[in-house]
Amino acid sequence: MHRYRSHTCGALRADAIGTEVRLSGWCHRIRDHGGVLFIDLRDHYGITQVVADPDSPAFKVAETLRSEWVVRIDGKVRRRPGGTENPELPTGEVEVYAREIEVLGPAAELPMPVFGEQEYPEDIRLKYRFLDLRRERLHRNIIKRGAIIDSIRWRMKEQGFFEFQTPILTASSPEGARDFLVPSRLHPGKFYALPQAPQQFKQLVMISGFDRYFQIAPCFRDEDARADRSPGEFYQLDLEMSFVTQEDVFAAVEPVIRGVFEEFAEGKPVTAKFPRIPYAEASIKYGTDKPDLRNPIVICDVSEEFNDPSVTFNAFKNLIKAGGIVRAIPAPGAAAQPRSWFDRLNDWARSDMGAAGLGYIVFNTIERETAAGGANTARLGAAGPIAKFVPDNVLRRMAEKAGLNSGDVLFFSAGTEPAAAKLAGAARTRIGEELNLIDKDRFEFCWIVDFPMYEWNEEEKKIDFSHNPFSMPNMAPDAFLALDPADRDSILALRAIQYDIVCNGVELSSGAIRNHRPDIMKKAFAIAGYDEAVLEQKFGGMLHALSLGAPPHGGIAPGIDRIVMLLCGEDNLREVVLFPMNQRAEDLMMGAPSEATSKQLRELHIRVVKPEQG
RNA sequence: GGGGGCGUAGCUCAGUUGGUUAGAGCGCUAGCCUGUCACGCUAGAGGUCGCGGGUUCGAGCCCCGUCGCUCCCGCCA
């Protein structure tokens with residue numbers, strides 16, 4: 001018999017009754033009835049009930065066992081007595097009557113029990129991650145993560161992609177985030193950077209003629225964490241294709257993503273064909289470039305309506321005169337909400353969003369009647385602090401624009417375009433949640449397309465790249481090369497061939513058709529105010545490669561951790577990462593980061609200068 | 001860098017208007033219990049109320065500061 005086990009703790013069924021078996025695992029739960037003692041023995045595969053009574057030679061040892069001790073148990077499989085079967089367990093028909101117990105690894109008192117569904121503070125969970133990982137939910141998430149990555153791999157390979165491994169120790173890349181630096185021993189004063197993404201490498205793979213690249217790629221960024229943004233490191237499904245248009249990338253990626261989601265969504269519906277929403281449209285309708293399409297609320301612009309001469313609401317009129325806008329957020333059925341609900345939303349807008357407020361009009365009745373002549377008339381009953389400043393005909397226009405029904409409420413977000421859109425987007429999310437309009441049990445995807453190539457940096461009064469500087473501008477090359485850098489309007493109106501995949505309000509990935517022409521690249525950087533020397537110094541190698549026969553190419557890089565997070569139904573990446581860091585980018589279990597020894601620092605030619613206290 | 005929330009037993013939490021000796025459940029220790037599967041029953045141990053200062057006759061509770069965790073903004077595909 002094997003030293004540790006003949007079966008796993010999830011293996012035994014009725015057909016094993018009568019056989020001698022050997023199991024090893026953790027004492028999940030022990031129930032001592034004095035005369036008879038039950039041990040739920042747990043391993044990766046499941047739980048099997050072990051029984052010992054005073055007739056068993058193992059009884060004495062069994063009485064000393066405690067939670068989470070690791071033991072080996074020899075015994076005979078027997079059918080549980082009638083009426084004591086446990087239908088909750090796959091092994092619930094049988095039990096093992098213990099003949100011999102060997103303690104393989106005793107456990108001290110646990111800082112955090114493994115058994116049960118109790119929640120624990122993050123720092124304790126992270127410090128004792130190995131205990132947390134024994135628990136069912138995290139254990140299942142990590143296994144699911146592996147299965148998802150397997151599925152992604154075969155789906156990619158099936159589409160003719162090859163997996164490559166790119167360097168971890170490399171040079172700084174142009175993603176725009178802060179780099180993690182690694183000091184060089186051989187080159188005093190010089191540093192490697194960990195890749196923020198294998199962006200340049202995958203483009204070089206295309207220039208090398210490999211045609212279809214992918215990698216489950218570790219990426220490193222020294223930026224502050226969020227619930228959906230791991231500190232330090234994360235994984236991307238990084239992919240790149242040669243001789244492709246945006247359509248080709250969509251056609252390659254969408255089936256992989258949809259397929260993976262359908263495979264692991266446990267029956268929840270997945271968008272059949274991802275709709276494409278231009279960036280500008282998403283900004284108006286959803287107030288964000290990562291809309292949650294499970295939320296049925298659609299924002300509309302009502303600047304024109306509020307600017308109507310018959311409207312006397314000057315707070316908005318003045319804003320519009322100063323170049324601002326007004327967005328309307330419909331809240332279906334919200335007329336039934338108490339006054340305090342509206343006040344709370346208004347308080348939220350003021351305190352959390354730093355807005356002047358969230359005005360609203362309650363549309364109590366909107367009755368459309370077809371008059372004898374065939375013309376539509378409608379009776380309106382509107383209420384709320386703003387209603388009296390807006391005449392009926394304008395109210396009617398707003399109601400129609402926003403698609404309102406009787407009993408709906410229209411909230412208003414006013415201000416500069418970005419601020420008003422952002423508040424409207426946040427209000428849309430909040431109202432959708434409060435009114436319970438969001439069906440959590442589905443995966444709603446979309447592509448966001450037509451991102452602006454540049455944006456105006458108000459602080460520095462200059463034009464910046466708005467996203468990835470390596471994207472191809474969506475303009476005929478000759479026209480682009482002829483652009484006047486001073487023609488700010490044309491430049492800010494320019495789109496890049498760049499796209500995002502969004503699912504349930506989570507940005508899953510972003511990609512682009514790359515700029516593979518050095519002349520266009522130089523022009524693109526010149527528009528953003530980089531002279532050729534800077535470009536040459538920072539991306540000289542890349543430029544050179546592009547000048548020696550580069551195929552048109554493009555790709556995308558969906559975030560693995562976020563995909564797994566969505567499919568596990570979690571709202572924090574830590575629940576799907578094996579050994580995550582805390583929000584301050586510390587590994588509480590391993591004690592990272594830690595100080596280096598003076599010998600290490602000497603070898604690296606590094607002197608540490610700590611920030612002054614206070 | 002900024003804002004919000006939280007911090008009381010190993011863990012999850014309660015703690016009234018500032019008032020005697022700070023409680024419960026789980027866990028732990030001991031005892032009892034022969035069919036449980038969140039077993040049950042009895043008893044016990046376990047506390048610098050995050051830390052420091054202040055107000056007060058008296059502070060877990062009020063004030064100031066500080067530290068830690070977390071969520072968000074900034075930042076970041």
Side-chain angles (χ1 to χ4, degrees), chain A residues 28-42 47-56 59 63 66-68 78 80-89 91-92 95 97 107-128 131 174-179 196-197 199 219-232 234 236 238 289-290 348 351-354 422 426 448 451 465-468 470-471 498-502 506-512 556-559 561-562 571-572 574 582-584 586 588 611 613-614:
Chain A
H28 187 59
R29 194 78 177 153
I30 298 163
R31 295 175 295 280
D32 184 352
H33 289 239
V36 62
L37 187 148
F38 302 98
I39 302 159
D40 290 339
L41 196 67
R42 182 196 75 236
I47 288 179
T48 297
Q49 174 165 285
V50 174
V51 192
D53 64 25
D55 297 334
S56 162
F59 190 68
E63 281 188 311
R66 296 292 178 266
S67 273
E68 294 306 306
R78 65 187 196 190
R80 292 196 188 193
T84 66
E85 302 87 355
N86 186 348
E88 307 283 314
L89 288 179
T91 60
E95 62 191 13
Y97 181 72
E109 186 182 343
L110 302 166
M112 191 187 91
V114 170
F115 173 81
E117 301 289 311
Q118 183 71 57
E119 302 221 19
Y120 299 96
E122 286 293 336
D123 48 342
I124 291 200
R125 293 183 60 196
L126 292 174
K127 187 167 178 190
Y128 301 101
L131 290 180
E175 298 292 308
R178 195 177 292 112
D179 284 317
Q196 297 180 25
Q199 178 68 30
C219 303
F220 305 89
R221 291 178 192 162
D222 187 6
E223 296 292 349
D224 290 349
R226 290 286 183 280
D228 63 351
R229 209 165 75 205
S230 291
F234 59 95
Q236 286 183 344
D238 198 41
D289 59 2
K290 38 183 181 178
W348 160 80
S351 59
D352 287 21
M353 300 300 296
K422 190 176 170 188
I448 304 295
F451 278 81
F465 285 111
S466 87
H467 294 88
N468 186 333
F470 280 5
S471 302
Q498 185 164 344
Y499 33 83
D500 280 5
I501 294 180
V502 175
V506 176
E507 182 190 309
L508 274 192
S509 62
S510 93
I556 194 163
D561 309 86
R562 286 182 179 177
D571 50 18
N572 194 305
R574 274 196 293 263
N582 69 4
Q583 193 173 26
R584 297 184 55 208
E586 296 165 312
L588 296 177
Q613 296 298 315

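Here is how names work: the chains are called A, B, and so on, in the same order as the sequence lines, proteins then strands, and each is numbered from 1.
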[X] [atom1] - [N] [atom2] separation (whole Å):
X	N	atom1	atom2	value
A:E586	B:U70	CD	C1'	13 Å
A:Q583	B:G2	CD	C1'	13 Å
A:R584	B:C75	CZ	P	21 Å
A:D123	B:G10	CG	P	14 Å
A:I30	B:G27	CD1	P	12 Å
A:D228	B:C71	CG	P	10 Å
A:E68	B:G27	CD	P	13 Å
A:E223	B:C72	CD	P	15 Å

Between [M] and [N], how far apart are the [atom1] atoms? Round to whole Å, please.
N	M	atom1	value
B:G60	B:U16	P	12 Å
B:G10	B:G47	C1'	12 Å
B:G53	B:C49	P	13 Å
B:A22	B:G46	C1'	14 Å
B:C61	B:U55	C1'	14 Å
B:G27	B:U42	P	14 Å
B:C69	B:C11	C1'	16 Å
B:G31	B:C71	C1'	47 Å

Under 3.5 Å, is there an N or O donor on one side and an acceptor on the other linking the side chain of A:D224 and the base of B:G74?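 A donor-acceptor contact between them is present.
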For A:F38, what residues pass the ring-ring contact (aromatic ring centres under 6.0 Å, His included) criterion, not counting sequence neighbours?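 Partners of A:F38 by the ring-ring contact (aromatic ring centres under 6.0 Å, His included) criterion, ordered by chain and then number, come out as A:H33.
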State which residues pass ring-ring contact (aromatic ring centres under 6.0 Å, His included) with A:F115; sequence neighbours excluded, sorted by chain then number.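 Listed in chain order: A:H28.
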Pull out every protein N or O sitting under 3.5 Å from an N or O of nucleotides 44-47 of chain B, one pair per line with the distance.
none

Taking only residues two or more places apart in sequence or in another chain, which ones pass side chain to side chain donor-acceptor pair (under 3.5 Å) with A:D238?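 A:D238: side chain to side chain donor-acceptor pair (under 3.5 Å) contacts with A:K202, A:Y213.
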What's touching nucleotides 11-15 of chain B from the protein side, N or O pairs under 3.5 Å?
residue : atom : partner : partner atom : Å
B:U12   : OP1  : A:P121  : N            : 3.4
B:U12   : O4'  : A:Q118  : NE2          : 3.2
B:U12   : O2'  : A:Q118  : NE2          : 3.1

Using 0.5 Å steps for rounding, measure from the CG atom of A:D228 to the CD atom of A:E507.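 One gets 9.0 Å once the value is rounded to the nearest 0.5 Å.
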Please determine whether a side-chain nitrogen or oxygen atom of [X] lies at a distance below 4.0 Å from atom OP1 or OP2 of [N].
X	N	answer
A:N572	B:C71	yes
A:R574	B:C69	no
A:K422	B:G74	yes
A:R66	B:U29	yes

Where protein sits on nucleotides 33-38 of chain B, one letter per nucleotide: B base, S sugar-phosphate only, - none, heavy atoms under 4.0 Å: BBBBBS
Taking both distances under 3.5 Å as the test for a Watson-Crick or G-U pair, what stems of at least three pairs does RNA chain B have?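 Listed by first number, the stems are B:1-7 with B:67-73, B:10-13 with B:23-26, B:28-32 with B:40-44, B:50-54 with B:62-66.
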Can you list the residues that meet the side chain to side chain contact (heavy atoms under 4.5 Å, CB included) rule with [X], with sequence neighbours excluded?
X	value
A:P231	A:A225, A:M581, A:A585
A:P54	A:F59
A:E109	none
A:L89	A:I47, A:R80, A:N86, A:T91

For a quick check of understanding: with a heavy-atom distance under 4.0 Å over all strands, which category does A:R562 fall into, base, sugar-phosphate or nothing?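 The answer is nothing, as A:R562 stays clear of every strand by at least 4.0 Å.
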Where do A:L37 and A:E63 land on the side-chain contact (heavy atoms from CB on, under 4.5 Å) test, with the steps shown first? CA-CA 8 Å; A:L37 187 148; A:E63 281 188 311; 4.0 Å; yes
Any chance you could lay out the side-chain contact (heavy atoms from CB on, under 4.5 Å) test for A:Q196 and A:R178, step after step, and finish with the verdict? CA-CA 8 Å; A:Q196 297 180 25; A:R178 195 177 292 112; over 6 Å; no
Just jot down the salt bridge (Lys or Arg N to Asp or Glu O under 4.0 Å) partners of A:E68, sequence neighbours excluded, or say none.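 With sequence neighbours excluded, A:E68 shows a salt bridge (Lys or Arg N to Asp or Glu O under 4.0 Å) to A:R42, A:R134, given in chain and number order.
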